[in-house]
Student: 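Structure incoming, see below.
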Amino acid sequence: MNAQAESDMPRNFDFAEVEPRVYDWWERQGWFKPESAPAEAAPYVISMPPPNVTGSLHIGHALFTALEDLMIRYERMRGKAALWLPGADHAGIATQLQVEKMLRDEGTSREAIGYEEFLHRTWQWKEEKGGTITRQLRRLGASCDWERERFTLDDGLSEAVLRAFITLWEQGLIYRGPRLVNWSPGLKTAVSDLEVESNEEEVTLYFFRYPVEGGAHLPVATTRPETILGDTAVAVHPNDERYRHLIGKRAFVPILEREIPVIADDYVDMEFGTGALKVTPGHDFNDYELARKHDLKLLNILNQDASMNAAAGKYAGLDRYECRDELWRDMTAAGLTIKTEPYRTRIPRSQRGGEVVEPIMSAQWFVRIQPLADKAIAAVRDGRVKIVPQRFEKVYFHWLENIQDWCVSRQLWWGHRIPAWYREKDGDPEGEIHVGREPPKGDGWVMERDVLDTWFSSGLWPFSTLGWPQETADLARFYPTQMMETGHDILFFWVARMIMLGLWLTDEPPFHTVYLHGLVRAEGGLKFSKTLGNAIDPLTVVNRLGADPLRFTLITSGTPGNDCHLDETRLDHSFRFINKVWQMTAFINMNLDGALELLLPPKAALDLPSRWILSRLNRLIENVQYLFDIHQYGEAGGQILAFMWDEFAPFYLEISKQALYQGSDAQKNAARQTLVHVQDACLRLLHPFMPFMTEEAWRYLPHQGEALIIADWPRANGDLIDDAIEARMSLCLEAVREIRNTRGEFAVDPGRRISAIARESAAAKDLAENAQILRRLCNVEALTLLPADADEPQNCASIVVGEISLYLPLEGLLDVAAESQRLAGEKAKIAEKLARTEKMLANQNFVERARPDVVQRERDRLADLQAAAARLDERLARLGQ
RNA sequence: GGGCGAUUAGCUCAAUUGGCAGAGCAUCCGGUUUACACCCGGAAGGUUGUAGGUUCGAGUCUUACAUCGCCCACCA
């Protein structure tokens, strides 16, 4: 079958022109949709980790896009019904913060404009900013099915959230109640454990005296003196001789004079601080546990904004830190303070707002998570879900095995409102609770104002986006999905919760494989940040170099699960590689002559270089397949680059010019077919890495099929892999290298044609029969064979490569002394290698115990080196005469 | 306190079952032969963090340590 290529390939790849055009074409043709595959095709589905709806593209998005699009394009080319389902997350806290900032800039606030107006403004904001990231993903070449794009606050997804919440409630897995929760005073909402980040900070440890009845004092240390006002006990260790006599006595809260007990508990560490512990159950998780154990009172002294409430007596109304200072002053005046010292400890801060989080008692909604966690653990244990790299499974298990109930309510306005109603009963406004879509019949029901944690809705993402809880065709066909590709930083936040909720609600793990990538960091391991000014903006890169170089660089810069330090010079290198591939295609294109049959000539009709490049190509395809199978995409990209840049271009392409320019019709045809075959395979292999250039270049190669995006993924042909051919060719190429070096050493003008003489041998025959190799690669006009027993030619530089002895007649250029010295240098190099190999083979243990093929390799090497050494000796001897 | 990762050329990183440690950038030398100066040919650059162990053979497996980073955990 004859195939045609477009002609007049542009000299350069104009990414700015090509990218939008090709992208629109792909999309219009429907190739991003799984329906473009045959109906019986197996599905391959990735749910895109939904970016924040109002966010804009950063380098992390670019990384996931590059990786996921690579996976999708690869599977699409393998004939799967590939579906990459895009979408956006409403991102409760992040979005609300942005809108609140906007309101602040306008001189107003969400409280001032009220709930309805605030939601209205937020939706408006979403409509304005919402398309940004989607447009940016398109510029990167993301082949998502945009018609299936979803947003977590869409009707369908909101329905999924309702269904999930109500189901869990009905199963008794959701409860509401007052608990000590992490409270963010700035945001005035509860946050989950995961949303609190604790880092060591320099603080002050305050030492003071707790007055005890009878005039005694109990020394206590704290980092948060204001919480003294909420103390309901002082605890000491039961065996502590210093304080044992005080156990059971009454102590008095400083300034407030409130009476509290001195209790004993072995939780107290006698060695730490003063050995006595103030107990503040209302504002400390440990103390809360202690209080439950000892049935202590619980006192809340903070308002929602972390100012002091009425329980703080005269300090009511003060900010927590003002109170800290004032109380300490008063205590000092009262003679109750001992000292302060600097102290390093971990301070819990809100991941979003950054302000210090306070444990506060508050009524919240919780998911009883253990039953869900158990299922999620089992699914990974039994391999229904695989995590790549595997070491994260351990992290995953550890978290799930120690999981705490999930606080899912947030006191925000932007999000899924919890489907619950309250009715006052016996003076308690929440005396009656109803969970459901609608309030029960009767008057007085008030809807819950709290919304759900953003991660609750994203936890349903892989199935809610496909229509769940409706039994849609998409859900049936595309769920469970195959791949969840995301950052390891949201393993707990998102991945674990999707697995838990997916297994619980759909009875299926939501995906088969979790591939975790790392963070993209700047040179030196620094985090990219705007303040440091070291951020690489993906769009700037795309504008400067195109999307392909950015994608290729991101994919080849890292390994699964590890952070990658992005080196900007790699971007330029990728750009040059992409240009290189374009130029290679252009070269082949311009040497075509009309239609070409897309078949390789039979092996027997192919010359040594052609059989060599086909062997190398098929070995490459094998390797790439292996690397894709184990998700080592970066290494795969690197190997394709190395093959093209270091083997195909500098050797085969160059050698082929002989046939193309001076060969017979048959030779021309064979060269064209081989060139087209190899380049075509490479473009296919590269397509998932650099879709734009490869698609555009492919049009200029003879091809069948409409587009590269839907072309078949290459499969290795084992018949074409041939060790012997590769060995023969590499000897020839070694000869080329040596001739080049020798020419260089004798300063032979590169443009000057020289001739060469080789002593007859099998390898020398290869060289002679493939004269184009030497002609094209080192400008050697003709190679004459010398009978094995002939005399050494005179006035020649000599080269020894394995069993090949080459002589370069360098009339008038040869300096005997210099040549002797050069050969002596060669000899020394060989002697070094020889020594190593001889030593290995002299080792009886090596010969007996090493794998036979390894031993054989060493033996072959020894023979080669010995032959080379012998020839060098001969040559040196003659020169010496 | 527990866990994980990293440590390889000046810098950023590779190295598929243990089998001659490799790229890119930077450096140095040499090149304008009709695909590509977004190029080509060469050179230099290494005790693979340290000290042991296993092995015929270790960057790779193992033990300890060091430094850096990350995650988890309730010591005021």
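Letters A, B, ... mirror the listed sequences (proteins, then strands); counts begin at 1.
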Student: Send over the distance from Glu635(A) CD to rG22(B) P, rounded to a whole Å.
Tutor: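 The answer, rounded to whole Å, is 14 Å.
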Student: In whole angstrom, give me the gap between the C1' atoms of rG57(B) and rC11(B).
Tutor: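 Between the two C1' atoms, the distance is 32 Å.
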Student: Taking atom types as modelled, find out whether Thr340(A) and Thr204(A) have a side-chain donor-acceptor pair closer than 3.5 angstrom.
Tutor: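 On atom types as modelled, these side chains do not qualify, holding no pair under 3.5 Å.
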Student: Using modelled atom types only, decide if a donor and an acceptor are shared between the side chain of His517(A) and the backbone of Gly561(A) within a distance under 3.5 Å.
Tutor: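 The answer is no, because no donor-acceptor pair under 3.5 Å joins these two groups.
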Student: Pick base, sugar-phosphate or nothing for Arg836(A), based on heavy-atom distances below 4.0 Å to the nucleic acid.
Tutor: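 The residue Arg836(A) makes sugar-phosphate contact but no base contact.
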Student: So which of residues 271-282 of chain A are in contact with RNA chain B, with a heavy-atom cut-off of under 4.0 Å?
Tutor: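 Heavy-atom cutoff 4.0 Å gives Phe272(A), Leu277(A).
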Student: If only side-chain N and O atoms count, and only distance matters, is there a donor-acceptor pair under 3.5 Å linking Glu622(A) with Asn618(A)?
Tutor: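 Not at all, the side chains of Asn618(A) and Glu622(A) share no donor-acceptor pair under 3.5 Å.
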Student: Would you kindly say whether His237(A) and Asp269(A) are connected by a side-chain donor-acceptor distance under 3.5 Å?
Tutor: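 Their side chains do not contain a donor-acceptor pair, so the 3.5 Å distance test is not met.
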Student: Would you mind telling me which of rU16(B), rU12(B), rG19(B) lies closest to the side-chain atoms of Asp567(A)?
Tutor: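 Per side-chain heavy atoms of Asp567(A), the pick is rU12(B).
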Student: Would you check if the side chain of Asp749(A) reaches a backbone N or O of Gly751(A) as a donor-acceptor pair within less than 3.5 Å?
Tutor: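 Checking the backbone N and O of Gly751(A) against the side chain of Asp749(A), a donor-acceptor pair under 3.5 Å is found.
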Student: Measuring from the side chain of Gln639(A) (C-beta onward, heavy atoms only), which nucleotide among rA76(B), rU16(B), rG19(B) has the closest atom?
Tutor: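 Comparing rA76(B), rU16(B), rG19(B) against the side chain of Gln639(A), the answer is rU16(B).
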Student: If I take atom CG in residue Asp853(A) and atom P in nucleotide rC20(B), what distance separates them, rounded to the nearest angstrom?
Tutor: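 Between P of rC20(B) and CG of Asp853(A): 11 Å.
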Student: Please, what dot-bracket string fits RNA chain B when only Watson-Crick and G-U pairs with both distances under 3.5 Å count, crossing ones use [ ] and pairs to another strand use |?
Tutor: (((((((..((((.....[..)))).(((((.......))))).....(((((..]....))))))))))))....
Student: Which residues in residues 624-633 of chain A have a heavy atom closer than 4.0 Å to any atom of RNA chain B?
Tutor: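 Of all residues in residues 624-633 of chain A, the ones placing a heavy atom under 4.0 Å from RNA chain B are Tyr626(A).
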Student: When you match Leu205(A) and Arg570(A) each to their closest nucleotide on RNA chain B, which lands nearer the 5' end?
Tutor: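 Nearest nucleotide further toward 5': that of Arg570(A).
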Student: If we ignore hydrogens and angles and just use 3.5 Å, is the side chain of Arg699(A) paired with the main-chain N or O of Ala5(A) as donor and acceptor?
Tutor: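 Here the side-chain-to-backbone pair does not exist.
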Student: Got a donor-acceptor contact below 3.5 angstrom from the Asp405(A) side chain to the Ile369(A) backbone?
Tutor: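 Answer holds: yes.
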Student: Got a sec: does the CD of Gln390(A) have more than 12 other heavy atoms crowding it under 6.0 Å?
Tutor: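 Counting other residues, nucleotides and ligands, CD of Gln390(A) stays at 12 neighbours or fewer.
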Student: Here's a test of your reading of the structure: between Val847(A) and Lys394(A), which maps to the more 5' nucleotide of RNA chain B?
Tutor: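 It is Lys394(A), whose closest nucleotide lies nearer the 5' terminus.
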Student: Does one side chain, of Lys339(A) or Thr337(A), offer a donor that lies under 3.5 Å from an acceptor on the other?
Tutor: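 The criterion, which ignores hydrogens and geometry beyond distance, is not satisfied for Thr337(A) and Lys339(A).
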Student: Is Phe392(A) touching bases, backbone alone, or none of the nucleic acid, heavy atoms closer than 4.0 Å?
Tutor: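 No contact.
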Student: When rounded to the nearest Å, what value does the distance between C1' atoms of rC40(B) and rC36(B) take?
Tutor: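 That atom pair is separated by 10 Å.
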Student: Tell me, please, which residues at least two apart from Thr569(A) pass side chain to side chain donor-acceptor pair (under 3.5 Å).
Tutor: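 Thr569(A) satisfies side chain to side chain donor-acceptor pair (under 3.5 Å) with Asp567(A) only.
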Student: Whole Å only: how far is the CG atom of Asp269(A) from the C1' atom of rA73(B)?
Tutor: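 From Asp269(A) CG to rA73(B) C1': 16 Å.
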Student: What is the distance, to the nearest angstrom, from the CD atom on Glu781(A) to the P atom on rU33(B)?
Tutor: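 In whole Å, rU33(B) P and Glu781(A) CD are 17 Å from each other.
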Student: Whole-Å distance between rG19(B) P and Lys839(A) NZ?
Tutor: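 Whole-Å distance recorded here is 18 Å.
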Student: Using a 4.0 Å heavy-atom cut-off, write out nucleotides 34-42 of chain B from 5' to 3' as B (base contacted by protein), S (sugar-phosphate only) or - (no contact).
Tutor: -BB-BSSSS
Student: Pick the C1' atom in rU27(B) and in rC70(B), then give their distance to the nearest Å.
Tutor: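 These two C1' atoms come out 35 Å apart once rounded.
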Student: In whole Å, measure the gap between the P atoms of rG53(B) and rG59(B) for me.
Tutor: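 Between the two P atoms, the distance is 15 Å.
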Student: Checking the side chain of Arg324(A) only, and the main-chain atoms of Glu226(A) only, is there a donor and an acceptor separated by less than 3.5 Å?
Tutor: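 Checked: no pair found.
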Student: With a 4.0 Å cutoff (strictly under), does any side-chain N or O of Tyr343(A) reach OP1 or OP2 of rA76(B)?
Tutor: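 Tyr343(A) to rA76(B) OP1/OP2: side-chain N or O found under 4.0 Å.
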Student: Between Asp265(A) (CG) and rA76(B) (P), how many Å, whole number?
Tutor: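 Distance check: Asp265(A) CG to rA76(B) P gives 17 Å.
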Student: Determine the interatomic distance between C1' on rU54(B) and the same-named atom on rU63(B); round to the nearest Å.
Tutor: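 Approximately 11 Å lies between the C1' atom of rU54(B) and that of rU63(B).
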Student: When syn is taken as a glycosidic angle within 90 degrees of 0, is rU47(B) syn or anti?
Tutor: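 Anti.
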Student: Could you give the distance separating rG46(B) and rG5(B) at their C1' atoms, to the nearest angstrom?
Tutor: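 The answer is 24 Å between these two C1' atoms.
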Student: Roughly how many Å apart are rG10(B) and rC28(B), using the C1' atom of each and rounding to a whole number?
Tutor: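 Taking atom C1' in both rC28(B) and rG10(B), they lie 14 Å apart.
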Student: Taking only the P atom of each, what is the distance from rU7(B) to rG49(B) in whole angstrom?
Tutor: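 About 8 Å, rounded to a whole number of Å.
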Student: NA contact type, Thr585(A), heavy-atom cut-off 4.0 Å: base, sugar-phosphate, or nothing?
Tutor: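 Result for Thr585(A) = nothing.
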Student: Side chains of His631(A) and Tyr633(A): donor-acceptor distance under 3.5 Å anywhere?
Tutor: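 The criterion, which ignores hydrogens and geometry beyond distance, is satisfied for Tyr633(A) and His631(A).
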Student: Indicate, with a heavy-atom threshold strictly under 4.0 Å, whether Thr345(A) touches base, sugar-phosphate, or nothing.
Tutor: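 Result for Thr345(A) = sugar-phosphate.
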Student: Given rA14(B), rC71(B), rG19(B), identify the nucleotide with an atom nearest to the side chain of Val395(A).
Tutor: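 When the side chain of Val395(A) is considered, rC71(B) is the closest of rA14(B), rC71(B), rG19(B).
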Student: With a cut-off of less than 4.0 Å, is there a side-chain N or O of Thr569(A) near OP1 or OP2 of rU12(B)?
Tutor: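 It does not, given that no N or O in the side chain of Thr569(A) lies less than 4.0 Å from OP1 or OP2 of rU12(B).
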Student: Once side chain to side chain donor-acceptor pair (under 3.5 Å) is applied, do any residues pair with Gln658(A), and if so which ones, sequence neighbours excluded?
Tutor: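 Expected list: Gln662(A), Arg776(A).
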Student: The side chain of Asn623(A) lies closest to which of these nucleotides: rU16(B), rC75(B), rG19(B)?
Tutor: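 My answer, after comparing the listed nucleotides, is rU16(B).
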Student: Looking at Trp582(A) and Met693(A), what are the two nearest heavy atoms and their distance?
Tutor: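 Trp582(A) and Met693(A) have their closest heavy atoms at CE3-CG, 4.0 Å.
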Student: Rounded to the nearest angstrom, tell me the gap between atom CG in Leu516(A) and atom P in rC70(B).
Tutor: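 Taking CG of Leu516(A) and P of rC70(B), I get 18 Å after rounding.
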Student: For the side chain of Val268(A), counting heavy atoms from C-beta on, which of rC20(B), rA76(B), rG19(B) is nearest?
Tutor: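 Among the listed nucleotides, the one closest to the side chain of Val268(A) is rA76(B).
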Student: Answer with yes or no whether the side chains of Asp231(A) and Tyr210(A) bring together a donor and an acceptor at under 3.5 Å.
Tutor: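 Note: Tyr210(A) and Asp231(A) side chains meet the donor-acceptor criterion.
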Student: Specify the separation, in whole Å, of atom CZ of Arg743(A) and atom C1' of rG31(B).
Tutor: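 Between C1' of rG31(B) and CZ of Arg743(A): 12 Å.
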